[in-house]
Amino acid sequence: MRNYMDLFQTPEEYILHRVETDLGTQNCISRLKLLKLAKMHGIAIAPDAHKSEIARLVMEKIGAEAFAAKCEHLGVSNYGMQQKFGISHADLRRLTRIGFLQVTGKERFGKPGAYQYADLYSVFQYFQLTKEDVQMFLEEMQEI
């Protein structure tokens, strides 16, 4: 089974995809916030510029990690992390608890009136770490 995250080659590609994807109340970043960031960093923006174009310009100016820090609801899902690294939910929670993996946001799911929240993990760690890195760390943790 193919992982959704396999569609992206870099953290920047994934971030721009999330900016373009309007998820209603769980928008990665609003157009207004993008325009404020552009103005704050002296980036001239055409009035009819598309949200993804503004995001790309801001990201080029301040860097992908700084841009990602400004985004809400941005990260890789629990399922995506488990699929890539071949780990269980319990492993993922343990790696987060000890600080090996970073939680960068929350994602809301469920029906109105009964919302639940799930952690979102660092998109940069997702692309930087390998399955071998994670497995080796888990093995070292068991030895301790």
Atom of [X], atom of [Y] and distance for their closest heavy-atom approach:
{"X": "F85", "Y": "L129", "answer": "CE2-O, 3.6 Å"}
{"X": "T10", "Y": "F127", "answer": "O-CZ, 3.6 Å"}
{"X": "H50", "Y": "R31", "answer": "C-NH1, 4.0 Å"}
{"X": "V123", "Y": "V76", "answer": "CA-CG2, 3.8 Å"}
{"X": "M59", "Y": "A64", "answer": "CG-CA, 3.5 Å"}
{"X": "V19", "Y": "A55", "answer": "CG1-CB, 3.7 Å"}

Distance, nearest 0.5 Å, that separates [atom1] of [X] from [atom2] of [Y]:
{"X": "S30", "Y": "K36", "atom1": "OG", "atom2": "NZ", "value": "7.5 Å"}
{"X": "E132", "Y": "E139", "atom1": "CD", "atom2": "CD", "value": "10.5 Å"}
{"X": "N78", "Y": "D119", "atom1": "CG", "atom2": "CG", "value": "8.0 Å"}
{"X": "R97", "Y": "L95", "atom1": "CZ", "atom2": "CG", "value": "9.5 Å"}
{"X": "M5", "Y": "H17", "atom1": "CE", "atom2": "NE2", "value": "9.0 Å"}

Check whether any side-chain heavy atom of [X] sits under 4.5 Å from a side-chain heavy atom of [Y], and report yes or no.
{"X": "T104", "Y": "L74", "result": "no"}
{"X": "F137", "Y": "L101", "result": "no"}
{"X": "Y117", "Y": "E107", "result": "no"}

Name the orientation class of the two ring planes belonging to Y4 and F8 (parallel below 30°, tilted from 30 to 60°, perpendicular beyond 60°).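 Y4 vs F8 ring planes: perpendicular.
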Please check this pair: side chain of [X] against backbone of [Y], looking for a donor-acceptor N/O pair closer than 3.5 Å.
{"X": "H73", "Y": "G105", "answer": "no"}
{"X": "S122", "Y": "V103", "answer": "no"}
{"X": "Q135", "Y": "K131", "answer": "no"}
{"X": "H41", "Y": "I43", "answer": "no"}
{"X": "K51", "Y": "I29", "answer": "yes"}
{"X": "Q125", "Y": "Q102", "answer": "yes"}

Going through the checks in order, is the side-chain contact (heavy atoms from CB on, under 4.5 Å) test met by I15 and R18? CA-CA 5 Å; I15 292 167; R18 284 301 310 267; 5.8 Å; no
ILVMFWY cluster, [X] and [Y] together (side-chain gap under 4.5 Å):
{"X": "I98", "Y": "M136", "result": "no"}
{"X": "L7", "Y": "M81", "result": "yes"}
{"X": "L92", "Y": "F124", "result": "yes"}
{"X": "L16", "Y": "L120", "result": "no"}

Verify side-chain contact (heavy atoms from CB on, under 4.5 Å) between K33 and E72, making sure each step is shown before the conclusion. CA-CA 11 Å; K33 192 169 181 181; E72 299 173 18; 4.0 Å; yes
Of R93, H89, R94, the residue whose pairing with D91 passes side-chain hydrogen bond (donor to acceptor under 3.5 Å, both in side chains): R94
Output, in order, the C-alpha distance, side-chain angles, deciding distance and verdict of side-chain contact (heavy atoms from CB on, under 4.5 Å) for T96 and F100. CA-CA 6 Å; T96 303; F100 183 77; over 6 Å; no
Got a sec: does the NZ of K84 have more than 12 other heavy atoms crowding it under 6.0 Å? yes
